[in-house]
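Only a predicted model underlies this, so the values are computations on that prediction, with no experimental measurement involved. Protein chains get the first letters and strands the later ones, always in sequence-line order, with residue 1 at the start of each.
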Protein chains: 2
Amino acid sequence: MATGRTHRPATRSRGIPEATVARLPLYLRALTALSERSVPTVSSEELAAAAGVNSAKLRKDFSYLGSYGTRGVGYDVEYLVYQISRELGLTQDWPVVIVGIGNLGAALANYGGFASRGFRVAALIDADPAMAGKPVAGIAVQHTDELESIITGNGVSIGVIATPAGAAQQVCDRLVAAGVTSILNFAPTVLSVPEGVDVRKVDLSIELQILAFHEQRKAGEGERVALPIEGGDLEPSPGGSRGTEGERVALPIEGGAQAGPMARAGQDTGAAAGGRQQGPDGDVPAVMPA
Amino acid sequence: MATGRTHRPATRSRGIPEATVARLPLYLRALTALSERSVPTVSSEELAAAAGVNSAKLRKDFSYLGSYGTRGVGYDVEYLVYQISRELGLTQDWPVVIVGIGNLGAALANYGGFASRGFRVAALIDADPAMAGKPVAGIAVQHTDELESIITGNGVSIGVIATPAGAAQQVCDRLVAAGVTSILNFAPTVLSVPEGVDVRKVDLSIELQILAFHEQRKAGEGERVALPIEGGDLEPSPGGSRGTEGERVALPIEGGAQAGPMARAGQDTGAAAGGRQQGPDGDVPAVMPA
DNA sequence: GTCTGTGAAAGGATTCACAGCT
DNA sequence: AGCTGTGAATCCTTTCACAGAC
């Protein structure tokens, strides 16, 4: 990239690679855990192990943020926590609305993760009139009719969609029209949004299917067992489609493609195996500032 | 790759790229929807739009599976549904256990996605004795003590961890010891597993943080507003770490990295093909690859 | 003419390996 | 001596663009 002449590039180069951005939260979590244990500094090797990546990748990632480490020593934990938080935009408060308070929506609302680290549940919205007024996670559910006023009134720019697939696009359109520019979609649907709007998708069924793919490969080590499927024909059935298919579906939950912290690549072991980074009782969830 | 001499390579080349595997579930979902509407054939352009990717990518992906299309016509929907299902290992039944029946675990158990398409919830497990015997989603919750016998008794190879972060590694170790080789982790922790075990992670707080990053960029268009953070120092505070830190977070839910299907499904082609898919207004997030 | 399948080019991301600071 | 920061090499993914099948 840059000539690399100055040993302090520019604090923040213009573009941080997406892959790096996706890992910053992992580093932040590991760092916060260290911070809680009052660990003052950490080496790239140690931090990488705690985050489940290898040290070369971590150093490269940090190099995009600037030179925050000290050669021969490592990184100052507190300082890095601040820098990464700032880079991720977590030093400010982000009001979030959750639309669709079913099982999943309620679980999300109850999840502590929202309350901490810059995210605040500004409102819970559901289309069922019977839900209106009911408290979930200490917050009264509001009816969909109020969606627009809630968004504009609270300056919400991030929305979470946890509705059934059939309602997702409609909800999405309304959120966007009201001013939301980032959406976390749990519904198993591809959402269409105008340019400038960010959508991330979380799809459980997709994750399970990816696991099934690898699981199958393990099982059929060297041999491929093809068991008969109920109703499955090798050739396309000319008849109707319905029948066996039933409803497709799925709870959403997915992201992209990374194949997990470890696993298949035998060598990745180095990073993970290298250390039992987690403490016996879990690695500490984390910590972060309110 | 192969010389491409034979127009029917080998039905299944040895290795399908991870990025492709991660997209197969998307194609499958779109195809199933078409199948339900009794659509007989579909072009790469149409299917790509429905799945939220561009057609070149889709064709390349399918080329790894074999030549299942017909030039000048498109793909036979039913046939492709079968081929992809088979490739993903969904033509067989996968018993799954969910450990940790809190809000999230219950939401997952209730989610229809499990019941369909090859996955079956074989058991719900929780450490709270008070939960034992209680029915959730029609299945009686069992105590953690029975974890090993449940796994071996049902031949479970896929486990879902929805416990608090502190219990995740321990649960993971027990699942693996009992024979589970694929894990879907919802706890905000990096899990250590032996080689051969696949772990996929889903982390909500990470997804939100990634959205916040892009959201911040949009806000500071051309100008970077640095609002003062409460308690945030530029220099590392030498003092203790606690104080402001509070609790970190995170409901999990993440995967990899894909940033969303992006804009319109309709003209995805144009957008992508044209060139910079991102909009003119800046860098816009964008789409991430795996 | 239409639309798939795929080499080849382009673009990213990861890993290597070592120069250079402490 | 120890550890970061980073060019260079490698590997993976996406996009282009067109030959070839229908």
Report task. Ignoring backbone atoms, establish whether A:Tyr75 has a side-chain N or O less than 4.0 Å from OP1 or OP2 of D:dG5. Result -> yes

Requested in this report: Select one nucleotide: of C:dG5, C:dT14, D:dT4, the one nearest the side-chain heavy atoms of A:Arg23.
Outcome: C:dT14

Requested in this report: Would you mind reporting whether A:Ser182 and A:Val197 have side-chain heavy atoms less than 4.5 Å apart?
Outcome: no

Query raised in the report: Does A:Phe62 have its ring centroid less than 6.0 Å away from the ring centroid of A:Tyr68?
Result: no

Query raised in the report: Should B:Ser44 be listed as having a side-chain N or O under 4.0 Å from OP1 or OP2 of C:dC3?
Result: no

**Report entry** B:Tyr64 side-chain N/O to D:dT14 phosphate OP1/OP2 under 4.0 Å
**Finding:** no

Report summary line: Checking C:dC16, D:dT4, D:dT15 against the side chain of A:Ala56 (C-beta onward), the nearest is C:dC16

Query raised in the report: Any side-chain N or O of B:Asn54 less than 4.0 Å from the OP1 or OP2 oxygen of D:dT15?
Result: yes

Query raised in the report: What are the two closest heavy atoms between B:Leu58 and B:Ser44, and how far apart are they?
Result: CD2-CB, 3.7 Å

Query raised in the report: Angle, rounded to 10°, between the helical axes spanning five pairs at each terminus of the helix from C:dG1-D:dC22 to C:dT22-D:dA1?
Result: 0°

Query raised in the report: Quick one: the side chain of A:Arg71 and the base of C:dT22, do they pair up donor-acceptor inside 3.5 Å?
Result: no

Query raised in the report: Looking at the side chain of A:Arg59, which of D:dT14, D:dG20, C:dC18 is the nearest nucleotide?
Result: C:dC18

Query raised in the report: Nearest-Å distance, CG (B:Leu58) to P (D:dC16)?
Result: 15 Å

Report summary line: Regarding the side chain of A:Ser67, the nearest nucleotide among C:dG5, D:dG5, C:dT14 is D:dG5

Query raised in the report: Which nucleotide sits closest to the side chain of B:Glu18: C:dT4, D:dG5, D:dT13?
Result: D:dT13

Query raised in the report: What are the two closest heavy atoms between A:Ala30 and A:Ala50, and how far apart are they?
Result: CB-CB, 4.0 Å

Query raised in the report: Does OP1 or OP2 of C:dT15 have a side-chain N or O of A:Lys57 closer than 4.0 Å?
Result: yes

Requested in this report: Go through C:dT6, D:dG7, C:dC21 for me and flag the one nearest to the A:Lys60 side chain.
Outcome: D:dG7

